[in-house]
Amino acid sequence: MNESYEQELQQEINFLNDELLFLQNEIAAARNNGDTDEYTRLFRVCLPVQKQYLKLCAEQEKRVQAETEVDPLTAFNTPV
C-alpha cells in the first residue's frame, strides 16, 4: 500500500473527527440557547461532514482488510 496515502487518509479522518466534535458542541450550544437558525445552519454543515467522515473510515477499513486478507487459492498453492 502507498504509505503516504495511508497517512493522508488518517490525517483527513482525524481532521473530520475534530470538526464533527466542534460541530456537535456548537449544535448543543445553539439548541440550549434556542437559536433555531444557527442550529439549522450547523446541521446543514454537519451532515455532509459526517457523511465524508464515514466514507473515509469505510475506505480505510476496506484497505486494512485487503492487506490482511489471504487469497484462498494462493494459500492452497503455497507450500508449508
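Here the structure is a predicted model, which means the values were calculated and not measured.
In this structure, OG on Ser4 lies 10.0 Å from CD on Gln11, to the nearest 0.5 angstrom. Note: Glu12 CD to Phe15 CZ = 6.5 Å, rounded to the nearest 0.5 Å. Between Gln60 atom CD and Tyr5 atom OH the span is 9.5 Å, to the nearest 0.5 Å. Note that CG of Asp35 is 12.0 Å distant from CD1 of Ile27, once rounded to the nearest 0.5 Å.
Using a 4.5 Å heavy-atom threshold, the side chains of Glu59 and Arg63 count as touching. Looking only at side-chain heavy atoms (C-beta outward), Val49 and Leu47 stay at 4.5 Å or farther from each other. Counting heavy atoms from C-beta on, the side chains of Leu21 and Gln24 come closer than 4.5 Å.
The backbone N or O of Ile13 lies less than 3.5 Å from no partner atom in the side chain of Asn17, so there is not a single donor-acceptor pair.
Val64 and Leu54 are not part of a single hydrophobic cluster, where members link through side-chain heavy atoms under 4.5 Å apart.
Here ring-ring contact (aromatic ring centres under 6.0 Å, His included) pairs that include residues 28-47, with residues two or more places apart or in two chains, are Tyr39-Phe43.
For the residue pair Cys46 and Leu23, the shortest heavy atom distance occurs at CA-CD1, 3.8 Å.
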